[in-house]
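Report on the structure given below.
As the structure is a prediction and not an experimental result, all values here were calculated from the model. Residue numbering restarts at 1 for every chain, and letters A, B, ... go by the order of the sequence lines.
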Amino acid sequence: MSCAVSPLLAIDDLRDLRDLRGLSRRPSRAARALHVALALTLGLAACSEHRASRPTQSTTPEPGARERRAASQAVPAAGSRNAYGHALANLPLERWPEVRAGKALFSTSWVPRGHGDRERAERGPASLVREGLGPRFNATSCHGCHFKDGRGQPPRDPLRPARDRGQDEPTGAAPVLLRLGLIGPGGELLPEPTYGGQLQDRALRGLRPEGVLAWNLRLVVGQFADGTPFVLRAPVPRVDAPARGPLHPETRLSLRQPPSLIGLGLLEAVPAQALEALADPQDADGDGISGRVHWVRDPDTGLRVPGRFGWKASQPSLRLQNATALREDLGVTTSVFPDPPCAPGDADCLAVDAASGPELTDLELLQLTRYTRLLMPPAPRSGPLAELARGEAAFTALGCARCHHPRLRTGAGADLPELDEQELEPYSDLLLHDMGPQLADDRPDGDASGREWRTAPLWGLGLLHVVSGEVRLLHDGRAHSAQEAILWHGGEAQAARDAFLRASGADRAALLTFLDSL
Amino acid sequence: MQPTSLVRLAPRLAPPAARRPLAASRLGSRALARSLGLALGLGLALAALAACHDELAPDQEPAHPERPAQLAAPRCVAHQGLTHCALGAATLTPSRDGASLWVGGLGDAQRDGVAILLPEVTRFAQTGDVLGPAGSSLLARSMSDGVATSSLVAQSRRGVVELSATFTGASAPLDYQARLYHLGARVGTLQLGQGASLPIVDPNEGEDFDADGDSDFHIDPAGACIWGVALRGRAAVRLPDGRTVKVDRVELAEQVSVRGSYPYLTFDRIDYLSSMGAFTLRAETTR
C-alpha cells in the first residue's frame with residue numbers, strides 16, 4: 001500500500017476550498033496560495049509522521065449521573081481496550097458458553113488447507129486455528145479487521161518478532177477493503193467483470209493477489225467562521241498491479257473501513273416500523289433532512305426488510321452480514337454462501353479451492369452471529385457536567401440529533417429475551433442520508449445511491465481511540481477526529497455542518513467533549 | 001540454605017553493551033522524518049514523496065514491520081524455549097546449562113522485570129523464587145493481545161506476604177475468591193473484595209518468615225482467570241475469624257459473573273516485575 005500527496009490534487013482543492021468555505025467570499029489569491037502551501041506541507045508532514053498515542057481520558061465515572069441506562073448496558077472498565085468486547089449486562093447464564101464459542105470463532109485464524117497442524121504448533125497449544133482460508137481473501141480472521149470488536153488490527157507487541165511469512169501475513173496497515181462495481185443499464189450495481197464486487201488483495205500461495213490496494217490523498221482546506229483554518233484529507237483509492245488485466249474503465253471504487261461491532265444485536269431488534277417512523281423520504285417537514293429506510297430483500301425469507309448493517313445499510317441481518325464477511329473477507333464458505341470467493345472466470349482461483357461443503361457449519365455461524373448480537377455498547381461516561389450539557393444542547397441545536405437519533409427501543413418477542421424491549425442510545429436512525437459529493441463513492445449499492453450512507457451510530461465513539469489505538473471515522477476512515485468527521489458532512493447534513501462552522505469555539509469544544517463522552 | 005539468597009546478593013551485572021531497543025530507534029527515525037518533512041517545504045515535496053511510499057496513510061503503522069534480523073534485540077534471551085525480554089532496568093542472565101534465568105536490576109515493581117513471550121496458551125507455570133524478602137513487592141501480570149488482563153501482587157512485609165489480584169473480565173469491579181489448599185485438599189475458600197489481600201504467614205508466627213514458591217496462571221473452561229502460588233516450606237493463612245490454616249497452595253480466582261463479562265480465551269504473555277533486586281526463573285511450562 002502506498003500514499004502519495006500529489007500537488008495536482010492540491011490544485012484540485014481550490015474547488016473544494018470554495019465549497020467548504022461557503023460562508024465567506026472567495027479567498028484572495030494570496031490566501032489561496034497560502035492554503036495550497038499549507039496543505040502540501042501538512043500533507044507531507046502527516047505522511048512521514050506516525051501517530052503519537054493519545055493519552056486516555058481520565059474522567060471519574062459517575063454511574064447514574066448521566067442518562068438513564070438500559071438493563072443491557074453497564075459501565076465496562078472505562079478506558080480499557082476491552083471496552084467494546086463485553087457481553088450484554090443482562091445476558092442469561094446459559095448464553096455465556098455460546099458467547100465464548102462465538103468469540104473463539106471471531107478470533108480464529110484461518111489458514112490454508114493442510115497448514116493447520118504446523119500453524120497450531122507454531123502459534124501455541126491453545127491457538128484458535130482452522131483450515132479453509134481463501135483462495136482469495138483480505139484478512140485471516142474477523143479479529144484481524146475488527147480488533148477487540150472495534151476498527152483496527154491487533155497491535156504488534158514491540159517485544160515480539162514479526163512473523164514474516166509472505167503473502168498470507170498482514171501488512172500491519174490499518175484494515176480497509178475495496179468494493180468494486182459498474183453501473184448497469186438500469187442504474188443497478190454490477191460486479192466488475194474480472195474482479196467481482198470486492199478486491200481481494202491477498203491470496204494463497206501459488207495464486208496472484210487480485211491487485212494492490214493503494215490510494216492518493218486528496219486535500220481539502222477550509223476555515224471556520226472565526227478564521228481558524230483546517231485541512232482535511234481523503235483517500236482516493238486505486239488498484240495497482242491488477243493481476244488479471246486492467247479493471248473496466250468505468251469501475252466505481254468504494255473504500256470501506258470496518259465499523260465497530262458494539263450493540264449490533266440491539267440495532268437488529270429495533271422494529272422496522274420504528275425506523276419507518278423516523279424516515280421522511282420526501283422531506284415532508286421541510287427540514288432538509290430526508291432519511292429513508294434502505295429496503296433490501298432478505299434472501300432467507302424473500303421479504304423486503306430494512307437493511308441495517310454495513311456503511312450503506314445493505315445487509316438486513318447479522319447472520320447475512322457475517323456469512324458475507326466470511327466468504328468475501330476470509331474466503332470461508334457457509335451453507336448461506338457455499339461458493340468460494342472467486343470472480344466468474346477466475347479459473348486459477350477455482351482450481352485452488354478444493355473445499356467440499358461449507359467450511360463453517362450452521363451451528364458455528366449461529367454461534368458467531370450470537371456473539372455479534374450480544375456485544376454490549378459501552379455506557380456513556382461522565383465528565384465536566386456543565387460542559388457536557390452545553391455539548392448535548394449544541395448537538396441538538398446544530399441538528400445532529402435529526403439523524404444521529406439519540407434513543408431507540410427494541411421490540412418485544414425477540415428470539416433472545418435479553419434483546420427484548422431494551423432502551424438504547426445508539427445516536428443513529430439507521431436510515432440512509434444523502435451526504436453530498438464530498439463523501440460520495442458514486443457506487444450505488446442496492447437501493448442506496450452513491451451519495452447515501454447510513455447514519456453512523458455514535459455510541460462508544462469516545463472509547464474508539466482506546467480500543468482501536470487510533471481514531472478513524474467515516475466509511476473510508478478519512479477523518480481522524482470527530483471534528484474532521486463533522487467537517488466532511490454535506491448534502492442533507494450540510495446545514496448542520498455549516499452551523500458547526502459558525503458555532504463559537506466554546507460551543508464546538510463542548511460538542512466535541514459531549515461526543516467524547518459517548 | 002536456599003541457593004536463591006546467594007543470587008539475591010550477587011552484584012548487579014553491567015547491562016549488556018546494547019543496541020538501542022527497537023521501539024526507541026523507531027521513534028528516533030520517526031521524529032527525524034517528521035522534522036525533515038517540515039523543513040523540506042514545497043521545493044522538495046516530490047523528493048519527500050519517496051519517503052512516504054510504502055506508508056498507507058498518516059497515523060498508521062509502517063507497511064513493513066521489522067525484519068527478523070532486527071529482532072535479536074539484546075534485551076531478549078531464550079530460556080526454557082521461550083523468549084524472555086528485560087523490562088525497565090532489568091538485566092537477564094541465562095545460566096550456562098539453560099536451567100535457570102537470573103533476572104537482576106530490579107528496583108521498581110511497576111517497571112523492572114521480565115516479559116515472557118508465550119504462544120497462545122491457557123496455562124503457564126513457573127518454578128523459581130519470584131516472591132521476595134520483606135520490604136519487596138512483586139507484580140505479575142497476564143497479557144493478551146497487548147492488554148493486561150489480570151495481575152497478582154505479592155507484598156512482602158515482616159512476617160507476612162500479602163497476595164492480591166485484579167481481574168478485568170467483569171464490566172464492574174467484582175469480588176474474587178481465594179482458594180486454600182493443603183496436601184491436595186481444599187482447606188478453605190475466602191471471598192475477597194476488590195483491593196483486599198490474602199495474608200500468608202508462618203504457622204508458628206515466626207517473624208523471619210520468608211515465603212517462597214512457584215507461580216502459575218491459567219484461564220479455566222468458563223473463562224475465569226486464576227493465579228496460583230505453590231508455597232515451599234511452612235506457610236499458613238490467617239482466616240478472618242483469627243484461626244490460621246496451613247496451606248501449600250493458594251489460588252486467587254476471578255468469578256465470572258457472565259453479566260457484562262469479557263470472554264477471555266487465551267493469553268500470550270506473562271510479566272514479572274519486582275523491587276526485590278533479583279530473582280531466578282527455572283522451569284516453565286505452558287499448555
- What pair of heavy atoms forms the shortest contact from A:R100 to B:A222, and how long is it? CD-O, 3.6 Å
- With sequence neighbours excluded, give me every salt bridge (charged side-chain N to carboxylate O under 4.0 Å, His left out) pair touching residues 106-125 of chain B. B:R123-B:D216
- Any salt bridge (charged side-chain N to carboxylate O under 4.0 Å, His left out) pairs touching residues 78-91 of chain B, not counting sequence neighbours? none
- Query: For A:L159 and B:L87, which heavy atoms make the closest approach, and how far apart are they?
  - Reply: CD1-CD2, 4.0 Å
- Message: Would you say that A:S80 contacts B:T168 through its side chain, given a criterion of any heavy-atom pair below 4.5 Å between the two side chains?
- Response: no
- Would you name the heavy atoms of A:K103 and B:Y262 that are closest together and state the gap between them? NZ-OH, 3.1 Å
- Message: At a 4.5 Å cut-off on heavy atoms, which part of B:V147 comes close to chain A: side chain, backbone, both, or neither?
- Response: side chain
- Query: What are the two closest non-hydrogen atoms of B:P263 and A:G85, and how far apart are they?
  - Reply: CD-O, 3.3 Å
- Query: So which part of A:L375 gets closer than 4.5 Å to some heavy atom of chain B, the side chain, the backbone, both or neither?
  - Reply: neither
- chain A contact via B:T266 - side chain, backbone, both or neither, heavy atoms under 4.5 Å: side chain
- Option that, when pairs with chain A are counted at under 4.5 Å, heavy atom only, ranks first among B:I219, B:T149, B:D268: B:D268
- Taking the side chain as C-beta and beyond, is there a heavy-atom pair between A:H143 and B:D145 under 4.5 Å? yes
- Query: With a 4.5 angstrom heavy-atom cut-off, which part of B:Y264 approaches chain A: side chain, backbone, both or neither?
  - Reply: both
- Nearest-0.5 Å distance that lies between atom NZ in A:K148 and atom OG in B:S144: 5.0 Å
